[in-house]
Structures are given as C-alpha cells and as structure tokens.
Amino acid sequence: MTPLDPGLDPGFGIYVHWPFCLAKCPYCDFNSHVRDSVDHDRWREALLRELDHYADVTADRTVTSIFFGGGTPSLMNPATVAAVIERVAQRWKTAPGLEITLEANPTSVEATRFQGFRAAGVNRVSLGIQALDDQSLKFLGRAHSASEALGAIGLAARQFDRFSFDLIYARPNQSVAAWEAELKRALDHAVGHLSVYQLTIEEGTRFHTLHNRGDFVLPDDELAGDLFEATQALLTGAGLPAYEISNHARPGEESRHNLTYWRYGDYVGIGPGAHGRLTLDGAKHATRAHRAPEIWLDRVDRHGHGGHAAEPVAPAERAVELLMMGLRLAEGVPLARLEAESGQPFAQSLDAAGLDRMIAGGFVELADDRLRATAAGRQRLNALLAQLLHA
Amino acid sequence: MTELKNIRNFAIIAHIDHGKSTLADRMIQMCGGLDAREMREQVLDSMDIERERGITIKAQTVRLLYTAKDGEQYQMNLMDTPGHVDFAYEVSRSLAACEGSILVVDASQGVEAQTLANVYQALDNNHEIIPVLNKIDLPAAEPDRVKEQIEDVIGLDASDAVMISAKTGLGIPDVLEAIVQRLPAPKGDPDATTKALLVDSWYDPYLGVVVLVRVVDGQLKVGMKMRMMASGAAREIDRVGVFTPKALLTGVLGPGEMGFITAGIKDITETKVGDTITDDKRPSQTMLPGFKPSVPVVFCGLFPTDAAEFEHLRDSLGKLALNDASFHFEAETSAALGFGFRCGFLGLLHLEIIQERLEREFNLDLITTAPSVVYKIHMNDGSVIDLHNPADMPDPVRIVKIEEPWIKATIMLPDEYLGSVLQLCTDRRGEQIELTYAGSRAMMIYRLPLNEVVFDFYDRLKSISRGYASFDYQWDEYREGDLVKLSIMVNAEPVDALSTIVHRAASEKRGRALCERLKELIPRQMFKIAVQAAIGSRVIARETISAMRKDVLAKCYGGDISRKRKLLDKQKEGKKRMRQFGQVEIPQSAFIAALKMNDS
C-alpha cells in the first residue's frame with residue numbers, strides 16, 4: 001500500500017454513519033440510538049439513495065476511503081455494507097488501494113460477522129477495545145470482557161489486511177505506572193495502528209451527570225500531562241509514533257480516511273447526523289444530516305437525502321478549520337494549503353504577535369513551507385490555537 | 001398663596017428602616033394627596049433602587065393640605081431627605097429649606113449613628129424637632145428606654161414624643177397636630193424683592209430642568225423673568241407648581257412656600273444648588289446663604305467588561321451626571337482593563353448606587369476598581385498634588401510627604417459586639433475619642449483614616465456585629481501618613497488596576513493576600529506566570545503559576561469540525577477580554593475577581 005502524499009492532496013472520503021447501538025456507553029456523545037428493532041432493508045435503501053444524491057454532485061471525484069462509523073456499524077448486515085461499497089464503486093472512480101474501514105465492537109457475537117464484512121470488501125477494522133481489565137471495562141459501560149477483546153483482536157488480525165484498536169486512558173484513579181503496564185500489554189497485540197484517547201467528559205452523557213455529582217474524579221492537569229507524555233514516550237519507543245494527537249501508527253499504517261479530515265480534504269457524510277465538507281462550484285460547503293434516525297429516514301424518502309441545507313464556509317473559517325485539524329497532525333499544515341483555503345497570504349490568517357510568542361516558546365515551528373505544532377504544542381493545542389488565531 | 005401663619009415646612013429625619021417613608025406615605029394618604037388606587041408603598045422613592053434598598057437618594061417635596069383641630073387649613077410642605085451619610089450634603093440643603101424636623105426613631109431599635117448625625121445637622125439649622133417613636137405596636141418596642149436614650153444620647157426632651165405605628169396608621173393625626181402646634185411658621189415678606197432658594201434640580205426629558213425651590217420673600221410666577229444670581233442665567237418661568245405628590249400647576253409660589261418651576265432650561269449646570277433666584281426686573285441686592293459645593297471624596301475606575309461598550313458607558317455617565325451634580329468622571333486607560341472612566345463619588349454608597357444604576361438602567365456590565373480616597377502629595381518642588389488614582393503616584397524620591405483624609409466616625413452598637421468592633425477600629429489605625437454607654441448600647445467615636453474605611457470597613461462592621469452596629473462619619477482633617485504604593489505585577493509588568501495606596505504596616509499582608517488570590521484566579525497558561533507584589537522596586541510577595549501541561553481535545557473527526565470551530569470562536573470572543581502581560585494573556589475576569597475580593 002503506497003502512503004498518501006503528505007503534501008497537497010488530502011484525498012476524498014466517504015463516511016457512513018450507522019446510528020444504532022445495543023446500549024449507550026456512558027462517555028459517548030456521538031449520535032447513537034438504541035432501538036428494539038431496525039428495518040435493515042429500509043436502512044440499506046436509504047443509505048444507497050443518499051449516496052446517489054451526493055454522487056450526483058461530486059461524480060468527478062476519486063474516492064480514496066470509505067469509513068463505516070457509528071453508533072455500532074458492526075451491527076449492520078454485511079449485505080448492507082456490501083451494497084454501500086458496491087454503490088460507491090458504481091458511482092465514483094476509486095483510488096487504487098481504496099481503504100475501507102469499519103468500526104467494530106469486540107464482543108464474541110460481532111466477531112462472528114467479521115468474515116461477512118471482509119467478503120463485503122472491508123479491508124480495515126477499528127476495534128473499540130477501550131481497556132484491558134474487566135473492572136475498567138465495566139466502569140466504561142462496555143459489554144465485552146478483556147478476554148473477549150483479546151479474542152476479537154486475534155480474529156481481526158487474521159481476517160483483515162489492517163486493523164487498529166482504541167484505548168481510553170486518564171481514567172479515575174489510573175496511575176502512570178498502571179497505564180504504562182496496560183499499554184505494554186496492548187502493544188503485544190497491536191500491529192500497525194493504535195488510537196489512545198484521554199477520557200473526557202462530554203455534555204449530554206451519563207458521565208457528565210456522574211462527574212458533576214462528584215461520583216468520580218478525573219486526573220488533574222499535572223497527572224493528565226504525565227499520562228500523555230508517558231504515552232508518547234512508550235509508543236514512540238515501540239515504533240508507533242503519534243501522527244495525530246491521539247493516533248499512533250507505524251509509518252505507512254496511518255488511517256487514510258481520518259487523514260482526509262485532518263488534512264481538511266473533502267468528504268461526504270452519509271447517514272443520520274453525518275457531517276460533510278464538499279467543494280461545490282469552487283466553494284467549500286458544510287453538510288449536516290438530521291440526527292434523529294427516523295427523521296433522517298423520512299427526509300431521505302421525501303428528498304433523496306437527509307441533510308439540512310448545505311452552508312457555505314467562508315475563506316476565513318476555512319483557514320480556522322484547516323489549522324484546527326491540521327495542527328493535530330505531526331506533519332503540520334502546508335502553508336500552500338493555508339493560502340489556498342483562506343485565499344490570502346498565510347501570515348494574514350495568523351496573529352503575528354501570538355505566532356512569535358508560540359515559536360519562541362517552542363510550541364510551533366515554521367519550516368519547510370509548513371506550520372507545525374511541536375509535541376509540546378500539540379499537547380496544548382486549544383491554548384495554542386487561541387494564540388495563533390486573530391481575536 | 002397661603003398666609004405664612006398657615007404654612008409649615010418640615011423634614012423627616014430617621015435611620016434606614018426606622019419608618020420615614022412609611023410615615024410620609026400615611027401623611028399623604030391622610031391629607032388626601034393620593035387616593036387609595038394611586039397609593040403604593042414608599043411613594044416618594046421614585047427610583048427602583050430607592051424602593052428596593054429602602055433609601056432615599058434625591059430630595060423631594062410634597063405639599064399636604066391639613067385641616068387641624070383649630071378648624072384652619074394648613075399647607076404643610078414635607079421635605080423628604082436622604083438618610084445616608086454620603087448624601088449629607090443633600091440633607092443639609094433640604095434642612096435649610098425647612099423650619100422644623102420630625103425625628104423618627106424605631107421604638108424597638110433605638111437611636112442609631114445616622115440619626116445622630118442628622119439631628120445635629122437639623123439643630124445646626126435651628127430646627128424645632130419633634131421626636132416620634134415608631135413601631136410602638138411591635139412586641140419588642142421599648143418606648144420608655146428609647147425615650148431615655150433620646151434624652152441621654154441626643155439631649156432632646158422626649159417627654160412629649162409622639163407614639164405611632166406608621167404601618168397601622170396609629171398616631172398619625174397626632175403627628176400632624178404636633179407639626180401645626182409645635183413647629184414655627186416660616187417668615188417672609190410677600191412685597192419684598194423676590195428671593196428663593198434653589199434647593200435641587202434635575203433633568204426631565206419632557207420638561208427640561210426642573211428646579212425645586214423654597215420662596216423666602218416675594219413670589220415666583222409664570223411669565224416672570226427670573227435670574228439665578230450665582231450662575232447669572234436669566235430665564236422666563238413657564239411652569240410653577242407643587243407636588244402633592246402628583247405635579248400640580250399653581251402658577252405662583254409665595255413666601256414660605258415650596259414647589260417647583262421650569263423655564264426651558266436644558267443645561268443643569270445653570271441651576272446651581274444653593275443659588276438664590278430673584279426677579280430679573282427687580283433683583284435682590286443680597287443672596288441667601290448658599291451651600292458649600294459637594295466634593296467627591298471617593299474615586300474609582302469604572303470599565304466596561306466589553307470594550308465595545310465604552311461609548312455607551314460614556315453616554316450613560318453623562319446622563320447620570322445630568323441629575324447628579326456631585327458625580328464626576330473623566331476618561332481613563334488601564335493596561336489591565338482597557339478604556340474606562342475615573343469617577344468621583346460622595347462616598348461608598350453613592351458609588352454603589354451609581355454603579356447599580358448604570359448596570360440596571362443602562363444595561364452595562366461594569367468592572368469597578370478598588371475605591372481610593374484623595375491623597376495630598378507634597379512634592380519636593382513645593383507643589384501639592386491631589387492624587388485620585390494610585391496608578392498616578394509620582395516617583396517616591398520626588399515626594400516630601402503624603403497626607404490622607406481622616407474622618408470622625410460615630411458607631412453605635414449593642415455592647416456584646418464592642419470588643420470585636422474596637423479591634424476592627426484599632427486594626428484600621430483608629431484613634432478612640434469617646435466611648436459611652438446608654439443602657440446596653442455603646443456609642444464609640446473614633447478618628448479613622450478614610451482609606452481604611454473605603455476598604456470594606458462597613459461590610460466588616462456589619463458582619464462582626466451581625467448587622468446591629470450603625471455607622472456614620474464626618475470629615476475631620478488631612479494628616480500625614482506613612483503611606484506607600486503597593487503595586488501588583490504579572491510577569492514583571494504592573495497591573496495598574498490593582499495598585500493601591502496602603503499604610504506601610506499593612507502593605508506586606510495586603511500584598512501577600514493579593515498574590516495568593518491571583519494565583520487562584522489566573523488559569524494556567526502556555527508559560528509560567530510570576531505574580532509579585534512590590535513597594536517601589538522592592539518585591540514583598542511572590543507566587544508562581546506553573547505552565548499548563550495539557551489542553552487538547554482527545555478526539556476530533558470530520559463530524560466535529562463545525563462544533564469545535566464554534567467552541568474556538570467562543571474562545572476567540574473571550575480573547576477580546578484577555579490582557580497581554582509579557583508572554584501571557586490573562587483573562588480580565590481574573591482581575592475583576594481580584595478586585596471583588598473582600599480582604600481584611
């Protein structure tokens with residue numbers, strides 16, 4: 001597989017959102033819903049219809065990745081996944097080595113479907129492992145056990161060309177030593193890609209309520225800093241450096257689909273609550289679908305798509321979005337991309353005094369025609385962005 | 001016009017909550033000034049803030065018509081006066097327009113410090129005073145004890161005190177009779193050249209400037225060209241009337257009468273309070289004794305929280321100043337807070353009221369810097385500077401000495417709190433002049449530096465006495481003090497808004513407290529931050545805020561872009577309220593919180 005050019009072409013991805021879960025995880029604020037039954041035929045037809053709608057306006061593009069996210073897309077019928085992949089291939093040109101990822105839960109039930117997904121064309125899975133001990137999995141509200149998770153990893157490694165898994169750290173009462181031990185065990189199973197997310201409390205989640213009530217305490221700024229730095233050191237040492245704030249890969253094993261987001265490329269968002277960024281007639285547009293599954297279905301039936309009206313993204317906003325996403329990457333942002341999105345010399349998109357301070361402080365570098373956040377800068381990206389952008 | 005013998009002009013003096021406004025309400029009702037439908041509580045306090053705080057800020061007059069037991073009808077002019085020390089100046093000019101006062105004392109509470117100050121002012125104006133005991137229906141009322149206290153503490157004969165309950169209306173006719181019988185009628189000559197006292201003035205958007213007057217000799221009537229002797233302005237009177245409390249046009253006001261006039265005046269500076277109004281055609285040769293102009297004694301900076309509100313603040317201050325000649329302001333720039341105004345006030349309550357009116361009536365969100373008094377800085381070139389703003393303090397090497405204002409404070413309180421209040425006064429560099437008892441209540445008279453009083457003294461007093469202590473003060477003198485400018489620095493740059501002038505002995509404690517507080521208030525930044533307190537170049541306290549370790553969204557994918565950009569936009573909006581100190585930007589909110597702290 002040839003790595004994408006880390007330069008100017010960010011690719012063109014298709015994201016497909018499957019909004020259903022068997023249960024809501026207490027930390028998750030994604031658009032997920034629990035339903036007694038799902039009419040799979042109707043959902044398949046709706047997804048295909050919405051694909052057709054976007055194919056009509058972006059038919060000249062070459063698709064570089066497809067990503068099934070959710071929700072829990074491993075609950076989809078493999079036939080639905082196959083139909084979507086087939087329809088993409090019918091309606092668009094596809095790049096050689098098209099990356100097709102599906103997010104999966106590592107329960108034994110879902111693992112039995114891996115073969116079907118592989119037959120449908122999926123060539124990469126991303127497993128929601130989250131933790132490697134049963135007590136933590138219980139706290140995180142996960143339905144699988146640690147041994148089930150390891151079983152699913154083994155199966156995925158055999159079934160798919162590439163796989164990745166997610167871990168959540170900075171959990172209550174987690175020490176640096178305990179996390180390092182857990183991460184080392186994970187490395188025994190990780191092949192090419194690992195996503196490690198710090199536990200954050202999002203509004204509208206069960207954890208939000210519990211945390212506000214004081215049921216548990218998260219690590220403070222100091223410990224969170226220690227945990228993050230320990231993660232970087234350990235994974236870099238193991239040959240999986242961070243190519244993005246929370247994503248680590250052996251060189252060439254990066255998620256192409258997610259790179260399209262971070263490189264601020266165009267992507268089509270299919271399914272309830274899915275977002276997209278599409279360049280139409282030379283202007284960048286933001287698309288956003290209705291979040292409620294039933295409303296989305298109804299809109300697709302009536303209009304052929306479930307989106308709200310596409311909103312143009314002004315050049316200044318494009319510059320902000322590009323920086324917000326691109327500075328998450330170790331590779332940084334090519335200045336040429338910044339100039340292309342903003343339509344003005346790059347310096348005008350940045351606060352000159354703030355940039356000087358951040359360069360002097362070692363948080364950002366301006367070299368090789370790129371603006372790049374250093375490791376220290378990426379670790380404090382929110383504050384860094386506030387310094388770099390105009391008030 | 002009413003014959004002089006049938007006129008009574010009087011003021012009501014009372015401590016806050018002792019029932020002055022309720023008594024006025026009852027008297028208005030009984031004399032038919034307003035019918036039941038129009039009556040509401042504290043009818044004379046027209047500003048929201050007056051009603052809510054139960055205080056009177058602006059003087060008001062009401063004409064009541066009362067038919068006494070002798071069968072004659074009397075015109076009674078009630079002058080409603082502010083009770084608070086900050087408005088002592090308004091009290092003094094109100095009292096000057098009357099011949100007598102009603103002293104209202106709460107029969108369950110007794111005499112308070114403020115009552116005392118106002119009674120002395122009334123006595124200075126040669127007033128006849130009628131003591132009235134209010135709230136005698138309360139179970140806690142102790143009329144005999146309070147009468148004794150009035151005699152002991154104030155030195156007034158309380159044997160004929162009128163016993164009332166303003167709330168139930170009990171005893172109100174007795175008050176009205178006492179006014180007729182015990183207060184003197186005004187003196188005056190209807191045929192002499194016109195002389196009237198300009199008691200107050202305010203700007204009304206429909207009428208222009210409304211002038212409150214007390215006619216001494218001659219008369220004021222519609223069509224007459226009047227002249228204000230001090231300002232020299234001459235205007236034709238277009239309205240003459242009285243408040244009942246509704247405005248009622250009478251066309252003329254004669255000697256001894258009070259009321260209002262308008263003359264198409266747009267600029268309130270033409271109508272100087274205390275001025276003498278005369279007939280332009282037949283002007284008086286002598287002026288009435290005026291008042292000394294009120295001088296702001298407390299200064300602070302007012303800044304809009306949102307810099308875009310600066311013009312709005314300027315306009316609003318201008319509008320308030322239209323009605324409040326005692327309020328001063330000028331533009332000021334602060335590195336920490338941006339553009340704002342340095343404002344002068346008669347006292348802390350005045351400051352609070354102006355601030356609250358700006359926020360409520362003009363919908364402004366304000367930052368107020370620590371109040372400061374006016375220091376007299378004697379320079380080594382022989383000049384003397386009035387310093388209103390600690391940030392403007394000259395280099396100490398050029399200063400020979402600094403003088404600060406002192407006040408004479410009267411504090412009355414139940415003796416069980418005496419120990420802690422004495423301690424408070426000592427901590428604030430107080431000097432005891434007198435300590436006396438009346439029953440279980442103590443009266444303390446202290447000299448205190450005003451700068452110690454503006455710094456939350458009143459709040460502390462209230463808190464340690466559980467609200468039972470009352471406090472009043474009068475000016476004493478300027479005295480030399482061992483004063484220093486305490487500067488607060490963030491990353492070696494001074495935060496002008498936080499600099500204060502303090503006594504050397506208190507400087508270290510204050511400096512340490514401010515540094516510690518700022519350490520709590522300033523969020524971690526990309527760089528570490530040094531917070532220091534210094535006197536001149538000598539650092540007396542230091543705290544370090546370590547640099548932030550981690551501040552990043554763990555997850556950010558395609559679906560999040562719009563939402564995260566909105567968060568970022570909000571953050572950028574917040575950046576407008578950030579102030580740059582060296583490498584770091586500090587949220588203005590940290591300085592605001594530091595300014596709000598009540599430190600002892």
Side-chain angles (χ1 to χ4, degrees), chain A residues 13 15 17 30-31 69 168 170 195-200 221-229 244-246 257-258 260-262 264 267 269 273-277 286 288 311 313 317 320-321 324-325 328 353-354 357-358 360-361 363 377-387 389-391, chain B residues 305-308 335 338-339 490-493 519-530 544-590:
Chain A
Y15 175 77
H17 191 80
F30 282 22
N31 186 32
I168 294 177
S195 302
V196 283
Y197 299 110
Q198 178 169 356
L199 176 59
T200 53
D221 181 53
E222 285 294 332
L223 181 53
D226 288 345
L227 286 164
F228 184 86
E229 286 165 16
E244 191 263 355
I245 283 159
S246 305
H257 184 82
N258 290 334
T260 295
Y261 297 146
W262 295 318
Y264 200 46
Y267 52 95
H275 286 242
R277 285 289 181 282
R288 180 168 59 92
E311 288 173 15
V313 187
E317 297 169 332
V320 170
E321 292 190 343
M324 197 178 84
M325 300 304 276
R328 297 183 68 86
R357 280 197 299 277
M358 293 301 102
F363 297 108
R378 291 200 297 277
Q379 190 169 335
R380 300 163 179 88
L381 188 59
N382 291 348
L384 173 61
L385 284 168
Q387 295 288 319
L389 298 172
H390 292 291
Chain B
T305 326
D306 180 354
F339 292 101
V490 170
N491 278 356
E493 290 189 29
K519 184 181 180 177
E520 285 167 30
L521 292 170
I522 298 176
R524 288 183 167 199
Q525 308 284 314
M526 301 285 272
F527 301 93
K528 77 172 181 195
I529 303 166
T544 305
I545 300 161
S546 2
M548 67 161 72
R549 290 288 305 280
K550 191 164 187 298
D551 178 24
V552 63
L553 304 164
K555 260 190 181 183
C556 193
Y557 289 125
D560 299 326
I561 299 189
S562 304
R563 188 157 61 114
K564 304 300 190 213
R565 175 163 52 82
K566 275 171 197 151
L567 288 179
L568 205 57
D569 285 344
K570 249 189 219 167
Q571 207 179 346
K572 276 162 58 184
E573 197 55 39
K575 196 173 164 185
K576 289 183 187 156
R577 300 190 175 182
M578 302 284 255
R579 305 290 161 188
Q580 193 74 43
F581 285 89
Q583 290 170 305
V584 301
E585 282 178 328
I586 309 242
Q588 190 177 281
S589 57

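Convention: sequence-line order gives letters A, B, ...; per-chain numbering from 1.
Contact count versus chain B (heavy atoms, under 4.5 Å) is highest, among A:Arg380, A:His17, A:Gln387, for A:Arg380. In terms of non-hydrogen atom pairs under 4.5 Å with chain B, the most contact-rich of A:Ile245, A:Val313, A:Asn258 is A:Asn258. Contact count versus chain B (heavy atoms, under 4.5 Å) is highest, among A:Gly69, A:Ala274, A:Ala383, for A:Ala383. For chain B, the option among A:Tyr264, A:Trp262, A:Tyr261, A:Tyr197 with the highest count of heavy-atom pairs below 4.5 Å is A:Tyr197. Options A:Met358, A:His257, A:Arg357 differ in how many heavy-atom pairs under 4.5 Å they form with chain B, and the most are formed by A:Arg357.
Across all non-hydrogen atoms, the minimal contact from B:Ala554 to A:Ser246 is O-OG, 2.6 Å. Nearest heavy-atom pair, A:Phe363 versus B:Met526, reported as atom, atom and distance to 0.1 Å: CZ-O, 3.3 Å.
Taking the six-membered ring wherever Trp is involved, the centroid distance between the rings of A:Tyr267 and B:Tyr557 does not fall below 6.0 Å.
For the side-chain contact (heavy atoms from CB on, under 4.5 Å) criterion with B:Ile561, the lone passing option out of A:His275, A:Glu317, A:Met325 is A:Met325.
Atoms CZ and CD, from B:Arg524 and A:Glu222 in turn, are 4.0 Å apart once rounded to the nearest 0.5 Å. How far CZ of B:Arg549 is from CG of A:Leu223: 9.0 Å, rounded to the nearest 0.5 Å. Note that CE of B:Met548 is 8.0 Å distant from CG of A:Asn382, once rounded to the nearest 0.5 Å.
With a 6.0 Å radius and a threshold of 12 heavy atoms from other residues, nucleotides or ligands, B:Arg565 has its CZ atom above the threshold.
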Evaluation steps, side-chain contact (heavy atoms from CB on, under 4.5 Å), between A:Thr200 and B:Lys555: CA-CA 9 Å; A:Thr200 53; B:Lys555 260 190 181 183; over 6 Å; no
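Neither the backbone nor the side chain of A:Asn31 comes within contact range of chain B; no heavy atoms are under 4.5 Å apart. The contact between A:Leu384 and chain B is made by backbone and side chain atoms together, counting heavy-atom distances below 4.5 Å. Proximity to chain B (any heavy atom under 4.5 Å) is restricted, for A:Arg378, to the backbone atoms N, CA, C and O.
Looking at A:Gln379 and B:Val552, their side chains never come closer than 4.5 Å, going by heavy atoms from C-beta outward.
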